[in-house]
Amino acid sequence: MKTIDELLAEGVAGKRVFVRADLNVPLDGTAITDDGRIRAVVPTVAKLAEAGARVVVASHLGRPKGAPDPAFSLAPAAARLGELLGAEVAFATDTVGESARATVAALGDGRVAVIENLRFNAGETSKDDAERGAFADQLAQLADAYVGDGFGAVHRKHASVFDLPARLPHYAGFLIATEVGVLKKLTTDVKRPYAVVLGGAKVSDKLGVIDHLLEKADRILIGGGMAYTFLKAQGHDVGSSLLQEDQVPAVQEYLKRAAERGVEFVLPVDVLVAEKFPDLTTKAPAHPDTVAADAIPAGRMGLDIGPESSTLYASKLADAATVFWNGPMGVFEHPDYADGTRAVAQALVDSPAFSVVGGGDSAAAVRILGFDENAFGHISTGGGASLEYLEGKTLPGLAALED
Ligand SMILES: Nc1ncnc2c1ncn2[C@@H]1O[C@H](COP(=O)(O)OP(=O)(O)O)[C@@H](O)[C@H]1O
Ligand SMILES: O=C(OP(=O)(O)O)[C@H](O)COP(=O)(O)O
């Protein structure tokens, strides 16, 4: 895999360099609540600009439906990137249209532009090779070289991640190099006990990784929206909680195999429930109830692990030597549902374990809840990406950067 150092050595002055970043940051309206993913790509962008490149930064944000949607505009991220670089950043209001072409054509040497959310174009995420390829052809018109630095999206076979690098000289950026360097350690000489904590909301995406973790981990702690499919698999009602019904048989199989292999599954013993999902804008008090995990009333939604679960999870992390954590334990964006996530973060801070926290929201949660990033072994910008990397899968966005 060629790295950005080789591109810099070849010389980039006057070249248009496309940087595929992951600027998928959490937003409250248009306010960025955590800019970690933007900060993470600054070294790559700054170095290219310093060397005289015309830098075209591109990313997805959220999951718009293949058409422009102002709620998912990258404009706030572009503005923040400009602040962090201490330089003006141009913004194109489309991806491959008139605005993008004109913005890139007007870029001077050493200047930076951000183009609008790649997922405003259906070609970006299409499962059809030809449709993705056609979008990649258009993106390729905007650049002379490609730098892959959106680690959080390397597990996606998307046009800008997979198809575009095949059309341009391609290099790995500084962030991808760092991320892969750290995660590699967890695939080789992992110190035991090795505990994995899984939560969050992308349940269907991430359940499959457990199949592999059963071969690797000593303990698997389940929280967040992931927990309810497990509770259901144990025969409990989960009310209106997030549930991946079609995965229940697979989860039953995981629980069986874990018992056979001596892998310990830790599930919530109590949860916080409410009638509805909380208002994350007003953050109005939600008045949740704490109930036993096997007694979630009908019509109630589990939104955080309860206090007994927090104590239990902390005890299961206290003597671990290695911990990988992806996915918040609850809807931490609301103060009434942040305690479970806070407890797991605190347990990692208190434990001597080498801890890796991965995922856009997990990393954001740690910082938003006031923890010092340096108290963790590594904070990865990718959740799904790091899980699939640990699984040993070929990641499209890394494979595409190979020579
Ligand atoms: N019980 C729950 N029900 C619904 N959503 C939840 C629950 N617990 C956590 N979440 C949500 O999960 C989201 C993060 O999930 P995910 O994207 O999978 O994590 P990451 O970005 O760290 O990989 C957060 O926005 C949080 O509000
Ligand atoms: O937020 C992301 O992944 P993560 O939640 O697994 O960390 C990445 O930006 C990928 O986004 P996607 O899961 O919508 O493809």
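All ligand and atom numbering here is 1-based and tracks the order in the structure.
At under 3.5 Å, a nitrogen or oxygen of Asn24, whether backbone or side chain, sits near a nitrogen or oxygen of ligand 2. Where the criterion is an N or O separation shorter than 3.5 Å, residue side chain and backbone included, Gly384 meets it with respect to ligand 2. Ligand 1 has no N or O atom lying under 3.5 Å from any N or O atom of Asp304, backbone or side chain. Remark: ligand 2 and Asp205 share no N or O pair separated by less than 3.5 Å (distance only, no angle test). Taking only nitrogen or oxygen atoms, main chain and side chain alike, Gly359 does not reach within less than 3.5 Å of ligand 2. At least one N or O atom of His60, backbone or side chain, sits closer than 3.5 Å to an N or O atom of ligand 2. Not one N or O of Thr381 is nearer than 3.5 Å to an N or O of ligand 2, by distance alone. Taking any N or O of Asp361, backbone or side chain, none lies under 3.5 Å from an N or O belonging to ligand 2.
Counting heavy atoms under 4.0 Å from ligand 1, residue Tyr337 does not touch it at all. When heavy-atom distances to ligand 1 are checked against a 4.0 Å cut-off, Asn326 comes that close only through its side chain, counted from C-beta outward. Counting heavy atoms closer than 4.0 Å to ligand 1, residue Lys206 contributes side-chain atoms (C-beta onward) but none from N, CA, C or O. Residue-level proximity to ligand 2 for Glu388 is absent, since no heavy atom of it falls below 4.0 angstrom. For His158, no heavy-atom contact with ligand 2 is shorter than 4.0 Å.
For the salt bridge (Lys or Arg N to Asp or Glu O under 4.0 Å) test, no residue two or more places apart in sequence or in another chain qualifies with Glu402.
The shortest distance between side-chain heavy atoms of Leu85 and Val42 falls below 4.5 Å. You'll find the side chain of His155 stays beyond 4.5 Å of the side chain of Val161, heavy atoms only. In this structure, the side chains of Val197 and Lys316 stay at 4.5 Å or more apart for every pair of heavy atoms. You'll find the side chain of Thr125 stays beyond 4.5 Å of the side chain of Leu118, heavy atoms only. Taking 4.5 Å as the limit, some side-chain heavy atom of Lys157 sits within range of a side-chain heavy atom of Arg132. Side-chain atoms of Ser310 and Ile305, non-hydrogen and from C-beta on, do get closer than 4.5 Å to each other.
Proximity to Tyr228 (heavy-atom distance under 4.0 Å) selects the following atoms of ligand 1: 1 (N). Every atom of ligand 2 with a heavy atom of Gly383 under 4.0 Å away is listed here by number and element: 4 (P), 6 (O), 7 (O).
The nearest protein atom to atom 1 (N) of ligand 1, hydrogens excluded, is given as Gly302 O, 3.0 Å; this is a heavy-atom distance.
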Only pairs under 3.5 Å count here: list side-chain donor-acceptor contacts from residues 26-33, not counting sequence neighbours, and write none if there are none.
from: Thr33; atom 1: OG1; to: Pro26; atom 2: O; distance (Å): 3.2

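Of the listed options Lys206, Arg156, Lys202, Lys202 places a heavy atom closest to atom 3 (O) of ligand 2.
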